Amino acid sequence: MKIAIVGGTGDQGIGLALRFVKAGLEVIVGSRDVKKAENTVNLIKNMLKDEDILNIYGATNSEAAEQADLLIMTVPLQAQMGTIFSIKDHVGDKILIDATVPLDTCIGGKPVRYVNVWEGSAAERTAEFLKDEKPIVISAFNNISAASLTNIEEDVNCDCLISGDDEEAKAEVVKLAEKIPGVRGVDCGSLENARIVEKITPLLINLNIRNKIKLAGIRITGI
Ligand SMILES: NC(=O)c1ccc[n+]([C@@H]2O[C@H](COP(=O)([O-])OP(=O)(O)OC[C@H]3O[C@@H](n4cnc5c(N)ncnc54)[C@H](OP(=O)(O)O)[C@@H]3O)[C@@H](O)[C@H]2O)c1
């Protein structure tokens with residue numbers, strides 16, 4: 001499976017790319033600027049200490065979306081609409097995983113606060129923007145910190161809470177998430193539950209700050 005990480009040059013995109021390349025999946029790092037995407041690929045190869053890794057390359061967001069089977073969008077809320085606009089011709093029928101968390105930072109505020117969006121969650125906003133193109137929008141990877149993803153010597157101690165309205169797609173995303181050592185994928189029901197899941201992230205950021213750590217995560221027990 002070929003995965004495009006749209007807006008993949010930031011911390012979250014790099015972390016996911018590292019883990020999926022390590023798991024043997026083919027990854028395209030997308031950016032508005034192909035040079036930035038290529039530089040990020042070189043950085044990832046250096047982090048994996050192997051220049052000969054062939055299953056990763058850089059492209060524009062649009063090219064990445066066109067070439068991939070499955071897309072993961074890792075951009076801040078203020079970039080969401082522009083990024084979607086740049087990929088919309090290539091999303092139809094594909095799974096589009098939205099990892100966006102609407103943090104108050106996007107309007108100059110604090111990362112420990114969630115900012116409400118009209119549609120209820122960032123993932124539902126993505127689905128609304130793309131209602132004509134009809135990709136299968138799934139919310140996932142919102143709570144797993146980039147710090148834990150890039151800490152490649154260690155397993156990730158966090159569940160991946162997955163929300164969406166397509167059962168088969170969610171099952172595929174569970175399998176994808178579980179390619180990351182330590183991660184358990186948890187089907188959290190319909191896409192509107194992204195409203196709850198996205199709000200957990202500012203809480204985890206708060207816990208990181210309060211405890212002077214970087215690796216706070218969440219586990220669901222009893223299932
Ligand atoms: N970082 C974490 O630990 C973490 C954890 C869970 C969830 N998340 C969520 O995942 C998403 C990505 O997080 P991140 O920390 O990787 O974000 P980031 O570094 O701020 O941004 C990621 C990429 O988005 C593009 N971008 C940034 N601002 C833009 C703008 N105004 N217009 C268009 N493109 C823009 C840039 O790519 P190009 O310049 O290459 O186009 C940038 O490298 C966010 O919604 C965040 O809340 C992050």
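In this text the structure is predicted, and so the values were computed from the model without any measurement. Values below: all heavy atoms of this structure, side chains included; hydrogens, waters and symmetry mates excluded. Indexing begins at 1, ligand by ligand and atom by atom, following the structure's order.
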Next on the checklist: So, regarding Gly30 and ligand 1 (criterion: nitrogen or oxygen to nitrogen or oxygen, under 3.5 Å), is there a contact or not?
Outcome noted: no

Next on the checklist: Please compare Met73, Gln78, Lys36 and report which has the shortest non-hydrogen distance to atom 31 (N) of ligand 1.
Outcome noted: Gln78

Next on the checklist: Under 3.5 Å between any N/O of Val75 and any N/O of ligand 1: does that happen in this structure?
Outcome noted: yes

Checklist entry - Which of these, Val21, Leu16, Ile14, sits in a side-chain contact (heavy atoms from CB on, under 4.5 Å) with Leu18? => result Ile14

Next on the checklist: Under a 4.0 angstrom heavy-atom cut-off, which atoms of ligand 1 come close to Thr100?
Outcome noted: 45 (O)

Item to check | Heavy-atom check, side chain of Asn55 versus side chain of Phe20, under 4.5 Å | outcome: no

Next on the checklist: Once you restrict to heavy atoms under 4.0 Å, what part of Thr40 touches ligand 1? Side chain, backbone, both or neither.
Outcome noted: neither

Next on the checklist: Students should be able to answer this: which protein heavy-atom is nearest to atom 22 (C) of ligand 1, and at what distance?
Outcome noted: Thr74 O, 3.4 Å

Checklist entry - Measuring from Ser163:OG to Glu198:CD, what's the distance to the nearest 0.5 Å? => result 8.0 Å

Next on the checklist: Can you tell me how far apart CD (Glu119) and OG1 (Thr126) are? Round to the nearest 0.5 Å.
Outcome noted: 9.0 Å

Item to check | Asp69 bridged to Lys2 by N-O distance under 4.0 Å | outcome: no

Next on the checklist: Hydrogens and angles aside, do Asp98 and Thr100 bring a side-chain donor and acceptor to less than 3.5 Å of each other?
Outcome noted: yes

Item to check | Numbered atoms and elements of ligand 1 in range of Ser31, under 4.0 angstrom, heavy atoms | outcome: 38 (P), 40 (O), 41 (O)

Checklist entry - Based purely on interatomic distance, does Phe141 place a nitrogen or oxygen under 3.5 Å from a nitrogen or oxygen of ligand 1? => result no

Checklist outcome for this item: The protein heavy atom nearest to atom 30 (C) of ligand 1 is Ala79 CB, 3.4 Å

Checklist entry - Would you say Thr201 has any N or O atom under 3.5 Å from an N or O of ligand 1, going by distance alone? => result no

Next on the checklist: Assess whether a salt bridge exists between Lys175 and Glu178, defined as any Lys/Arg side-chain N lying under 4.0 Å from an Asp/Glu carboxylate O.
Outcome noted: no

Item to check | Closest protein heavy atom (residue, atom, distance) for atom 6 (C) of ligand 1 | outcome: Asn142 O, 2.9 Å

Next on the checklist: Could you measure the distance from the CZ atom of Arg113 to the CG atom of Asn206? Nearest 0.5 Å is fine.
Outcome noted: 10.0 Å

Checklist outcome for this item: Within 4.0 Å of some non-hydrogen atom of Thr9, the atoms of ligand 1 are 36 (C), 37 (O), 38 (P), 40 (O), 42 (C), 43 (O)

Checklist entry - What pair of heavy atoms forms the shortest contact from Glu154 to Arg19, and how long is it? => result O-NH2, 2.8 Å

Checklist entry - Do Thr201 and Asn143 have side-chain atoms, one donor and one acceptor, less than 3.5 Å apart? => result yes

Item to check | Residue-ligand contact Ala99/ligand 1, heavy atom below 4.0 Å | outcome: yes

Checklist outcome for this item: The closest protein heavy-atom partner of atom 23 (C) of ligand 1 is Gly7 O, 3.5 Å

Checklist entry - Can you find an N or O of Asn143 that's nearer than 3.5 Å to an N or O of ligand 1? => result no

Checklist entry - Are Ser145 and Ser148 linked by a side-chain donor-acceptor pair shorter than 3.5 Å? => result yes

Checklist entry - Does ligand 1 have any atom that is closer than 4.0 Å to a heavy atom of Ile144? => result yes

Item to check | Nitrogen or oxygen atoms of Asn61 and ligand 1 under 3.5 Å apart | outcome: no

Next on the checklist: Taking the basic N atoms (NZ, or NE/NH1/NH2) and the acidic carboxylate oxygens, is any pair closer than 4.0 Å for Glu128 and Arg125?
Outcome noted: no

Checklist entry - Which protein heavy atom lies closest to atom 19 (O) of ligand 1, and at what distance to 0.1 Å? => result Gly10 CA, 3.3 Å

Checklist entry - Is there at least one pair of N or O atoms, one from Arg32 and one from ligand 1, spaced under 3.5 Å apart? => result yes

Checklist entry - Rounded to the nearest 0.5 Å, what separation is found between the SG atom of Cys188 and the CD1 atom of Ile220? => result 6.0 Å

Checklist entry - To the nearest 0.5 Å, what is the distance between OG1 (Thr60) and NZ (Lys36)? => result 14.0 Å

Checklist entry - Which atoms of ligand 1 have any heavy atom of Ser145 under 4.0 Å away? => result 3 (O)

Checklist entry - In terms of side-chain geometry, is the basic nitrogen of Asp187 or Lys170 positioned less than 4.0 Å from the acidic oxygen of its partner? => result yes

Checklist entry - Which one of Met81, Lys35, Gln12 has a non-hydrogen atom at the shortest distance from atom 4 (C) of ligand 1? => result Gln12

Checklist outcome for this item: The protein heavy atom nearest to atom 18 (P) of ligand 1 is Pro76 CD, 4.2 Å

Item to check | Distance from atom 46 (C) of ligand 1 to nearest protein heavy atom, with residue and atom | outcome: Val101 N, 4.2 Å

Checklist entry - Relative to ligand 1, is Ile14 under 4.0 angstrom through side chain, backbone, both or neither, heavy atoms considered? => result neither

Next on the checklist: Using a 4.0 Å cutoff against the non-hydrogen atoms of Ala146, which atoms of ligand 1 qualify?
Outcome noted: 1 (N), 2 (C), 3 (O)

